[in-house]
Amino acid sequence: FDEHIRGYGHEDTLFGHQLHELKYEIIRIDNPLIHKGLDDNNTFLKKTCEATHNLFLLYQTGRYPFLVAESKLLSTFVKVKDLGFRPFFAILFKLFGLSIKNQLSSSNPSLRLYDIYKLLFLCSTSLRK
């Protein structure tokens with residue numbers, strides 16, 4: 001594991017990629033489960049933001065160019081950045097982030113809105129100094 005990684009998120013992404021590079025065969029099994037009572041919605045969203053920030057930091061180092069191809073979120077972020085929309089998306093996060101977070105914490109959260117929340121957060125966090 002990369003000792004430079006701080007915080008929560010994406011250590012498993014790097015580990016999986018290293019296994020792939022070493023030609024290990026990864027067998028995925030269909031084993032759905034329900035995490036009930038582990039984290040409340042606010043804790044889950046906090047971990048989501050931490051993992052998303054970590055993904056950005058890993059991308060920013062330039063040491064993991066494969067991340068863009070392996071992460072749909074990061075791939076979309078790079079397109080948004082290349083088109084010059086990152087500041088606009090960061091403003092959207094500032095304006096609507098709390099409303100989206102409230103919807104995601106409701107009894108009927110939207111997975112599509114969850115993806116949008118992560119993208120808007122990534123754009124916002126990428127512009128912070």
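Source: prediction; values computed, not measured.
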**Q** What are the two closest heavy atoms between P109 and L104, and how far apart are they?
**A**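 Minimum heavy-atom contact is CB-O, 3.4 Å.
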**Q** Applying a strict under-4.5 Å side-chain criterion to I, L, V, M, F, W and Y, I'd like to know whether V68 and L83 cluster together.
**A**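 Linked within one cluster.
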**Q** Nearest heavy-atom pair of T48 and Y114: which atoms, and what distance?
**A**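 That closest heavy-atom pairing would be OG1-OH, 2.8 Å.
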**Q** Start with the C-alpha distance between E25 and I27, add both sets of side-chain angles, then the distance that settles side-chain contact (heavy atoms from CB on, under 4.5 Å), and finish with yes or no.
**A** CA-CA 6 Å; E25 183 180 352; I27 300 170; 4.1 Å; yes
**Q** Flag the pair F77 / F121 as yes when their ring centroid distance falls below 6.0 Å, and as no otherwise.
**A**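 Here the rings of F121 and F77 have centres that are no less than 6.0 Å from each other.
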**Q** Looking only at heavy atoms, which two atoms of H53 and T125 are closest? And how far apart?
**A**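 Heavy-atom minimum between the residues: ND1-OG1, 2.9 Å.
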**Q** Tell me, do D115 and L73 make a side-chain contact under 4.5 Å, heavy atoms counted?
**A**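 No, too far: nothing below the 4.5 Å cut-off.
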**Q** In residues 86-100, what donor-acceptor pairs under 3.5 Å come from side-chain atoms, sequence neighbours left out?
**A**
residue : atom : partner : partner atom : Å
R86     : NH1  : S126    : OG           : 3.2

**Q** Might you point out which heavy atoms bring N41 and S106 nearest each other, and give the distance in Å?
**A**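 Between these two residues, the closest heavy atoms are ND2-O, 3.9 Å.
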**Q** Any luck finding a side-chain donor-acceptor pair between D40 and T43 under 3.5 Å?
**A**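 T43 and D40 do have a side-chain donor-acceptor pair below 3.5 Å.
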**Q** Does the distance from a Lys or Arg side-chain N to an Asp or Glu carboxylate O, for K79 and D82, drop under 4.0 Å?
**A**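 Looking at K79 and D82, the cut-off is not met.
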**Q** Quick check: do C123 and F85 have side-chain heavy atoms less than 4.5 Å from each other?
**A**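 No; the side chains remain at least 4.5 Å from each other.
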